[in-house]
**Student:** 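Take a look at the following structure, please.
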Amino acid sequence: MDEANISELLDREAIRDCLYRYCRGIDRGDEAALRSAYWPDAHDSHGGYSGPSEGFIRLALGIFETEPRNVHQIANILIEFSSPSEATVESYFTALQRGPDAGGEIRQVLLCGRYGDLFHKREGEWRIIARTVIYDWIEQQIPPGLPESERFASRRPIGAPHPNDALLKGTRPRCGPTSEANDRD
């Protein structure tokens with residue numbers, strides 16, 4: 001494999017890593033991870049919001065004051081390089097969002113779609129410079145009526161916002177059998 005192919009593979013991996021940091025940031029309310037996905041001069045067209053990425057970041061982090069539960073998954077990442085420092089990226093996403101609306105009532109929604117991103121590489125680092133979210137599916141769901149302690153039962157740890165999330169606090173997955181081996185999903 002020649003140097004150009006190796007460089008392209010490393011660039012592709014750096015772009016994927018950026019997308020994954022975005023998901024961690026948006027799901028855990030991790031400001032540093034979320035900011036690291038965008039260039040400071042980036043633009044985001046994200047549903048009802050369209051403007052500088054800074055405004056979107058502030059909006060997203062403000063939602064965490066209501067203690068929501070978010071899960072974003074990325075798949076089908078297609079990367080097309082237009083130059084050594086620019087790439088167009090389409091990523092499919094599935095997002096499950098649960099939290100209170102403006103009136104305090106718990107709402108739950110399943111969203112599926114695609115992130116249409118323009119990435120720039122600056123000083124060796126790839127980040128989003130422009131994002132357009134394309135929605136392909138939305139499903140309002142009836143949220144469970146039970147409190148989380150009952151819904152999750154003995155399944156621990158439960159995910160939490162940054163910096164209180166168990167994985168981010170240093171809890172590492174265990175290998176091998178545990179006393180919880182019989183506690184199935």
Side-chain angles (χ1 to χ4, degrees), residues 1-66 68-97 99 109-138 159-170 172:
M1 185 175 273
D2 66 16
E3 192 173 318
N5 286 338
I6 292 171
S7 180
E8 183 177 306
L9 284 173
L10 292 172
D11 286 341
R12 287 179 182 280
E13 188 59 26
I15 288 169
R16 279 190 285 273
D17 184 68
C18 180
L19 292 167
Y20 299 148
R21 286 193 318 270
Y22 168 81
C23 289
R24 170 175 276 177
I26 205 75
D27 287 343
R28 304 273 69 88
D30 183 338
E31 183 173 356
L34 191 53
R35 285 188 185 283
S36 77
Y38 292 97
W39 289 114
D41 56 334
H43 185 274
D44 197 327
S45 294
H46 212 116
Y49 177 83
S50 183
S53 61
E54 176 62 30
F56 173 73
I57 291 167
R58 283 195 316 267
L59 175 71
L61 293 173
I63 291 171
F64 274 87
E65 295 171 7
T66 66
R69 188 158 294 285
N70 297 316
V71 176
H72 286 69
Q73 296 178 334
I74 298 278
N76 300 359
I77 301 169
L78 299 173
I79 302 168
E80 295 180 13
F81 294 98
S82 54
S83 78
S85 61
E86 186 174 277
T88 302
V89 180
E90 177 187 65
S91 310
Y92 282 65
F93 72 85
T94 301
L96 183 58
Q97 299 173 332
V109 63
L110 171 68
L111 299 164
C112 300
R114 291 163 287 142
Y115 296 128
D117 294 326
L118 180 62
F119 273 77
H120 280 180
K121 184 178 186 179
R122 299 177 183 171
E123 298 179 18
E125 184 177 2
W126 286 96
R127 292 188 189 189
I128 300 163
I129 188 65
R131 167 168 279 180
T132 299
V133 181
I134 301 104
Y135 295 93
D136 294 314
W137 187 275
I138 183 167
H162 180 80
N164 299 318
D165 187 67
L167 185 62
L168 300 177
K169 287 182 90 167
R172 298 288 180 240

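On a predicted model such as this, the values are computed, not experimentally measured, just so you know.
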**Student:** Side chains of Asn76 and Arg114: does their closest heavy-atom pair fall under 4.5 Å?
**Tutor:** no

**Student:** Any side-chain heavy atom of Leu110 sitting closer than 4.5 Å to one from Trp137?
**Tutor:** yes

**Student:** Under the criterion side-chain contact (heavy atoms from CB on, under 4.5 Å), which of Thr132, Thr88, Leu19 is the partner of Asp117?
**Tutor:** Leu19

**Student:** Using the ring of Tyr22 (Phe, Tyr or Trp, six-membered ring only), decide whether Arg131 places NZ or CZ under 6.0 Å from its centre and within 45 degrees of its axis.
**Tutor:** yes

**Student:** Any heavy-atom pair between the side chains of Arg16 and Ile74 that's under 4.5 Å?
**Tutor:** no

**Student:** Would you say the side chain of Tyr20 lies within less than 4.5 Å of the side chain of Arg24, judging by non-hydrogen atoms?
**Tutor:** no

**Student:** Can you establish whether the number of heavy atoms outside Gln73 located under 6.0 Å from its atom CD is more than 12?
**Tutor:** no

**Student:** Rounded to the nearest 0.5 Å, how far apart are CD1 of Ile77 and CD of Glu90?
**Tutor:** 11.0 Å

**Student:** Let me confirm one number: the CD1-OG distance from Ile79 to Ser91, rounded to the nearest 0.5 Å.
**Tutor:** 7.5 Å

**Student:** Just verifying a value: how many Å separate Ile129 CD1 and Ser85 OG, rounded to the nearest 0.5 Å?
**Tutor:** 11.5 Å

**Student:** In Å, rounded to the nearest 0.5 Å, how long is the span from CZ of Arg58 to OH of Tyr49?
**Tutor:** 7.0 Å

**Student:** Looking only at heavy atoms, what is the nearest atom pair of Gly29 and Leu61, with distance?
**Tutor:** O-CD2, 3.8 Å

**Student:** Of all the heavy-atom pairs spanning Phe93 and Ile134, show the shortest one and how long it is.
**Tutor:** CE2-O, 4.0 Å

**Student:** Measure across Asn70 and Ile26 and return the closest heavy-atom pair with its distance rounded to 0.1 Å.
**Tutor:** ND2-O, 3.6 Å

**Student:** Can you name the one residue among Trp126, Tyr38, Phe119 that meets side-chain contact (heavy atoms from CB on, under 4.5 Å) with Cys18?
**Tutor:** Phe119

**Student:** Distance check, rounded to the nearest 0.5 Å: His72 atom NE2 versus Leu111 atom CG?
**Tutor:** 7.5 Å

**Student:** Is the backbone of Ala33 close enough, under 3.5 Å, to the side chain of Ser36 for a donor and an acceptor to pair up by distance?
**Tutor:** yes

**Student:** What are the two closest non-hydrogen atoms of Asp11 and Pro84, and how far apart are they?
**Tutor:** OD2-O, 4.4 Å

**Student:** Measuring only between side-chain heavy atoms, which start at C-beta, is Thr94 closer than 4.5 Å to Tyr92?
**Tutor:** no

**Student:** If you compare all heavy atoms of His120 against all heavy atoms of Glu86, which two are closest, and at what distance to 0.1 Å?
**Tutor:** NE2-OE1, 3.0 Å

**Student:** For Ser53 and Pro40, work out which heavy atoms get closest and say how close.
**Tutor:** OG-O, 4.2 Å

**Student:** Any chance you could lay out the side chain to side chain contact (heavy atoms under 4.5 Å, CB included) test for Trp39 and Ile128, step after step, and finish with the verdict?
**Tutor:** CA-CA 6 Å; Trp39 289 114; Ile128 300 163; over 6 Å; no

